[in-house]
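Okay, so here's the structure we're looking at.
Counting from 1, the numbers follow the sequence of the chain as shown.
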Amino acid sequence: MPPEPMPSAPPWSGPGQWPQANQALLILADNPACAPARALARELAAARRALAPAMERLCAATCPRCLDPCCVRARLWWGFADLAFLHLAELPLPLRQMAYAPGGACPHLGPHGCHLARELRPWVCDWHLCPEQKLRLGQWDEAERRELLEGLERARGLRKSMADALMEGVG
Ligand code: SF4
Ligand code: SF4
């Protein structure tokens, strides 16, 4: 599912690493020099929330009949920008790094789909449209399709700006 290459093992998945990583990010996000990154993270959260209705509509039209669901097949986890975003935007934090039982689905997949609010999911869950979704999107009204694609691009840009601002803030 994710279009980006992923590291071979989830970051901060060893004993004690998750709380350590979150403590470091908590301090970082509170740094006055990170104010621009915090503002961008809040904008990104709003942009992702605004995308949710269209994304839900697209998923409702494709996912229930999917024969190879990405949330079962894919292996993804919280990366640095995902976790930093949650801290900077003051959103609820995951209790642990994602872990998969052998052959198991994403731990956030419930009987009715993902149980995380859109803006709390790893970014790739919004960003990556599968072939079936792209096909379906092609059948949408031009203005609706453009609105969704532009919204995704805008969120992608905000995420990059947020990560850059964070690096500048601590550099
Ligand atoms: S996003 Fe695509 S691959 Fe994933 S469950 Fe929905 S239809 Fe299937
Ligand atoms: S976080 Fe949600 S959308 Fe993303 S892979 Fe897991 S169940 Fe699917």
Side-chain angles (χ1 to χ4, degrees), residues 1-15 17-18 21-22 25 41 44-89 91-163:
M1 169 192 174
E4 305 163 8
M6 303 293 282
S8 56
W12 322 300
S13 53
Q17 289 179 345
W18 186 254
N22 279 280
L25 277 169
L44 174 56
R48 291 188 70 182
R49 275 194 288 270
L51 278 169
M55 293 297 293
E56 291 302 324
R57 179 184 160 200
L58 194 55
C59 285
T62 52
C63 303
R65 286 175 302 285
C66 181
L67 298 178
D68 187 20
C70 52
C71 301
V72 174
R73 171 174 30 92
R75 291 291 175 266
L76 61 122
W77 41 74
W78 310 104
F80 176 76
D82 291 313
L83 199 53
F85 161 65
L86 296 175
H87 277 272
L88 291 164
L91 291 168
L93 301 173
L95 293 178
R96 57 190 68 85
Q97 180 57 286
M98 291 198 199
Y100 293 83
C106 173
H108 298 289
L109 184 65
H112 305 293
C114 182
H115 56 66
L116 292 176
R118 280 264 161 203
E119 71 273 21
L120 303 184
R121 300 177 194 180
W123 164 242
V124 71
C125 302
D126 265 355
W127 173 246
H128 179 65
L129 301 180
C130 74
E132 180 60 27
Q133 290 183 322
K134 285 182 182 160
L135 200 67
R136 183 59 67 123
L137 196 57
Q139 297 162 0
W140 280 20
D141 170 73
E142 169 66 25
E144 290 175 325
R145 180 169 61 248
R146 193 165 353 106
E147 190 179 339
L148 176 56
L149 294 177
E150 287 177 0
L152 280 170
E153 273 300 334
R154 179 165 180 272
R156 188 175 73 97
L158 283 166
R159 186 172 188 268
K160 180 172 186 319
S161 301
M162 175 204 75

### Message
Minimum heavy-atom separation for Gln133 and Cys59, please, with both atom names.
### Response
NE2-SG, 3.5 Å
#### Entry: Under the side-chain hydrogen bond (donor to acceptor under 3.5 Å, both in side chains) test, residues paired with Arg145 that sit two or more places apart
Glu142
### Message
Any non-hydrogen side-chain atom of Pro94 less than 4.5 Å from a side-chain atom of Leu120?
### Response
no
### Query
Side-chain contact, heavy-atom cut-off 4.5 Å: Arg159 with Phe85?
no
### Exercise: identify the closest heavy-atom pair between Ala155 and Leu44
O-CD1, 3.4 Å
### Task
Could I get the full list of side-chain contact (heavy atoms from CB on, under 4.5 Å) partners for Glu150, not counting sequence neighbours?
Arg146
## Note on the structure
CD (Glu132) and CG (Leu58) are apart, to the nearest 0.5 Å, by 9.0 Å
### Task
Compare every heavy atom of Pro53 with every heavy atom of Arg49, then report the nearest pair and how far apart it is.
O-CD, 3.6 Å
### Heavy-atom closest pair, residues Asp82 and Trp77
OD2-O, 3.9 Å
### Task
Starting at CG of Leu152, measure out to NE2 of His128 and round the result to the nearest 0.5 Å.
12.0 Å
### Query
Any Lys/Arg nitrogen of Arg156 or Asp126 sitting under 4.0 Å from an Asp/Glu carboxylate oxygen of the other?
no
### Message
I'd like to check the salt bridge (Lys or Arg N to Asp or Glu O under 4.0 Å) partners of Arg136; sequence neighbours left out, ordered by chain and number.
### Response
none
### Task
Return the minimal non-hydrogen interatomic distance between Met162 and Ala81, and the atom names on each side.
CE-O, 3.8 Å
### Message
For a 4.5 angstrom cut-off between non-hydrogen side-chain atoms, does Leu83 reach Trp18?
### Response
yes
